[in-house]
Structures are given as C-alpha cells and as structure tokens.
There are 2 protein chains.
Amino acid sequence: MGIKERKERHREDFKARILQAAKKLFITEGYEATSIRKIAAEIEFSPTTIYLYYKDKTDIAYALHQEGFGLMRERFSALAHVDDPFERLKAMGRGYIQFAIDHPDFYELMFIMKEPMQYLQAHHPEDEWEEGEQVFNALIQTVEGCKVHGYFSSMPTEEMAMLSWSVVHGLCSLHITSHFKHIAEKCSDIELIKQDTLLESVFGAYLQLLERLK
Amino acid sequence: MGIKERKERHREDFKARILQAAKKLFITEGYEATSIRKIAAEIEFSPTTIYLYYKDKTDIAYALHQEGFGLMRERFSALAHVDDPFERLKAMGRGYIQFAIDHPDFYELMFIMKEPMQYLQAHHPEDEWEEGEQVFNALIQTVEGCKVHGYFSSMPTEEMAMLSWSVVHGLCSLHITSHFKHIAEKCSDIELIKQDTLLESVFGAYLQLLERLK
DNA sequence: TGGATTAATTAACAGTGTTAAGTAAATTTG
DNA sequence: CAAATTTACTTAACACTGTTAATTAATCCA
C-alpha cells in the first residue's frame, strides 16, 4: 500500500503549500487581509480547494499560530544553555519581549487573538495545547531553579511563573495595541518616551522587585 | 438661532440612540456580530443613515470604548475614598480584574482590540486619550502616595505604575483569550485550576512582592 | 409659493467565509 | 481491457460584510 503513503505525503505537501502562501500573505498584509480567496490565488487554485485541506479559516489561523510557536521555541532554545536560572529568567523575559517587537503579527496571533485558542477548544477539546505548554514548562522549570538558588522563597512556583508571564505579556500586549503610545507621551521621564526602551525598562523594574527579595 | 441648537441636540440624541442600539447588540452578541446593518435594523433606519452620524465602524467602536471607560471610572470612583495609598493600589488592581471578569466584551474593546486606539490615532492625532489618561493618572497618584508611605523607594513612579498595569492587564488578557484555561489544567496546585481565583491569587503574589520591599 | 438645504433612502460595489452541486481525471474492479 | 467508482478540483451560489454614489422626500428660508 505504498500508493496510499504517497498520497498522504502529497496531501501534507499541499497543506504545507497552502500554509506557506497563508504565511506570506499574513506577514506582508496581516491576518484580516489574508482571505481564503487570496491564499487560493497565491497557490493558483480555486478557493474551495483550501477547504479540502483545512477545515476553515480558524484552522489555518491555528496552523499559523503553531508556526509562531516554532519561531519562539527556536529563540528560547538558545537560552537553554544559560546555566544560572535567574539569569535565564531575565533572558527569557527579554527574549519574549524582543520576539513581540520583531514579530508583532505572530505575537498577536499567538497571544492576543481569540480565534486560534477557540479553534483548539472547539475542534480538539481533548488535546492539550502542546506548543504553549512546552514554553510554559520551560518557564516553570526556570522558576523552580530560581527557588533552589534562594529566590522567591515561600512563593508558589506556578503563581510566580504566571506572574512573570503576565508581566511580559501585559507589556507586549499594551505595546502592540498602541496603548502605551498614547500614555507614554505624558510621562515626565524622557527615557520612557522611547517605545523600544520602555518595555525593557519596565521589565527591568520587575526584575528589580524580584532581585530585592532574594 | 434657537433652531440650530435644537437640531444639534436632535443630532446628539440620534447619535446616542445609535450608540445604545450598538451597545445592546455588542453586549448580547459581541463586537464582530455587531454589524452596521443590524444596528440600523435595531433603530429601524436604513444602514446608510448610520454614516450620517458616525464616520465608520471604528468610530462606533471608539464610542463604545469610551462607554466602557465610563463604566470603569464609575467603579474606580468608589475607591477614591480609600485613604491608605497601598490599600487603594490593591483595591484598584482587584477592581480592574473584577471589571474584566464582569465585562469581558468591554474589556476587549478597551484594552485588547486595536481598532479603537487606531481610530484615535488616525482621526484625532492631536487629541489626547482622555479616558485612559484619567485612569492612568489615578494610578500614578496612588503609586506616588505609596512612595510617600515608604513603598517602592528608588523605583521610578511611572515605571511602577506601568508595571502594575501590565501585571493586571496581562492577567485579564490571558484570561479572556482563554490562554490560562489551557495552561491551568496542568497546574499541580488545585487552587489555581479555578479560573476565578487564579487571577486574584497571581495578583496576590504580585502584591506580596511589593509588600516585601517596603 | 418656489428654490435651496437637509435627511433619509435605494441601489450598487467590492469584498468576505462557506456550502452544494457538478465535472474531469485517476483508480479500482469485474 | 472496459465499466464503475472514487478522488481532486471547479463553478455557482448563499448569506453576509463595510461603504459610497445617486436619488428621493421632507423641511427651511426668502
């Protein structure tokens, strides 16, 4: 039954081709402008053909969401070799922020939009959210390591991890939605007006909090 | 010229009627399902009539965004009488979180969606973002008060305010997008699985950090 | 009362996601 | 090998969306 395998492989190739076209449009024109019809035109097939390979648009959104997590894991894997857990925690936070600045569209799809997570819940309710949990587990382990080194004593690991995630996500999210843009102008501190440094310096303030309660 | 005034008032009434209809649809069916045509049907006018009173859909979105800030300010005004600034900071955080839980749709419009802020930037670039700045200033002043009482010494006020905002926004945002739902299941700590307590307990962890460095 | 202004309408454009029905090619079966 | 069946894909269509241009009905002013 080698023929069935070949067909399956062809099918996977086709799915990848669709995703590649979707990714191209998504990066250059954003999610809203990435229509099924445009994806179809890109790969020179009829729009309905897409539906033979992806259930609906949120299915494609989830696939792109996964692509984004691939990119993020790539970055984070470089930090696995930072031995000191507190240094690694710092580096993860900075890496997370830099990822959001470098790939705002992917960040939006991964952490701001509801569609991909809703798709997961609606169509694969039993499945776990692998991509996210992998990254989150890395964070959990890093926090655990920090505790071994005397940080955050008497603070629950999970809460500490979620807090750290919330801090960086809050920063990135308010940056991308341009909420900070409208608020930072009124700031007296000139340093903070520069958007790029704003995120890092507020994250720096968080790190100072952590450092002081070793 | 009393007639011109009456017309102007009628115009404002009509704008309010449109907004009321939009608000009703928005609350019951969400933003995406709130179409210009449905709003028009609700007030029993033609869809194009809407455009005589609101520039486009993002204009309506911004008006609803402002409505949301009205609701939020209403809640926060009750906290103005909490004298101790650190207690007020706690109460503001809890109030912010509770607002997001009680009015997730408004919260999305106010802090997660890009459209309203983009409208502000595109059509009123000189204007300030009054609603947001009012709330943010209340936060600034509260942080300032905390510093007087010996908290966050040597931490810049603005950074501290932005950090606090980022923490609660990060929590609310990850809750609404149901990211926490998929991650909390794996948590060993049973307390955290309950979504409602999760936000408050992670915020509690943040407060503990603050308290310890008085 | 007649002309100008204003308010609201209908019709239409250009798009969206998605489904049902139809066609041509490839594959399996008798 | 020819007939039947499955597979891959397309066309046509539905029910929407935001938005604009052209048009009609009503009101105001001289």
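Within every chain, numbering begins at 1; the chains are lettered A, B, ... in the order of the sequence lines, protein sequences first and strands thereafter. None of the values given here were measured: they were computed from a predicted structure.
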Distances under 3.5 Å between protein N/O atoms and the N/O atoms of nucleotides 4-6 of chain C, please, pair by pair.
none

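Side-chain to base pairing of B:Arg37 with D:dG18: one donor and one acceptor N or O lie within less than 3.5 Å of each other.
Each of B:Phe111, B:Phe99, B:Phe203 was evaluated against B:Val168; a single residue qualifies, B:Phe203, per the side chain to side chain contact (heavy atoms under 4.5 Å, CB included) test.
With a 4.5 Å cut-off on side-chain heavy atoms, B:Val135 and B:Tyr96 do not count as touching.
A cation-pi geometry, defined here as NZ or CZ lying under 6.0 Å from the six-membered ring centre and within 45° of its normal, does not hold between A:Lys23 and A:Phe106. Taking the ring axis of B:Phe14 as reference, the NZ or CZ atom of B:Arg17 stays within 45° of it and closer than 6.0 Å to the ring centre. Stacking of B:Lys55 on the aromatic ring of B:Tyr119 is not recorded, the 6.0 Å distance cut-off and the 45° axial limit not both being met.
Taking the nucleotide of DNA chain C with the nearest heavy atom to each of A:Thr48 and B:Tyr53, the more 5' of the two is matched to B:Tyr53.
A straight line from NE2 of B:His10 to C1' of D:dC28 spans 15 Å, rounded to a whole angstrom. In this structure, B:Tyr54 atom OH and D:dG18 atom P are separated by 16 Å, rounded to whole Å.
Residue-level contact check: B:Tyr51 touches the bases, meaning some heavy atom is under 4.0 Å from a base atom.
Phosphate proximity of D:dT17 to B:Ser35: present, with a side-chain N or O under 4.0 Å from OP1 or OP2.
Annotation: A:Phe69 is in aromatic contact with A:Trp129 [ring centroid separation under 6.0 Å].
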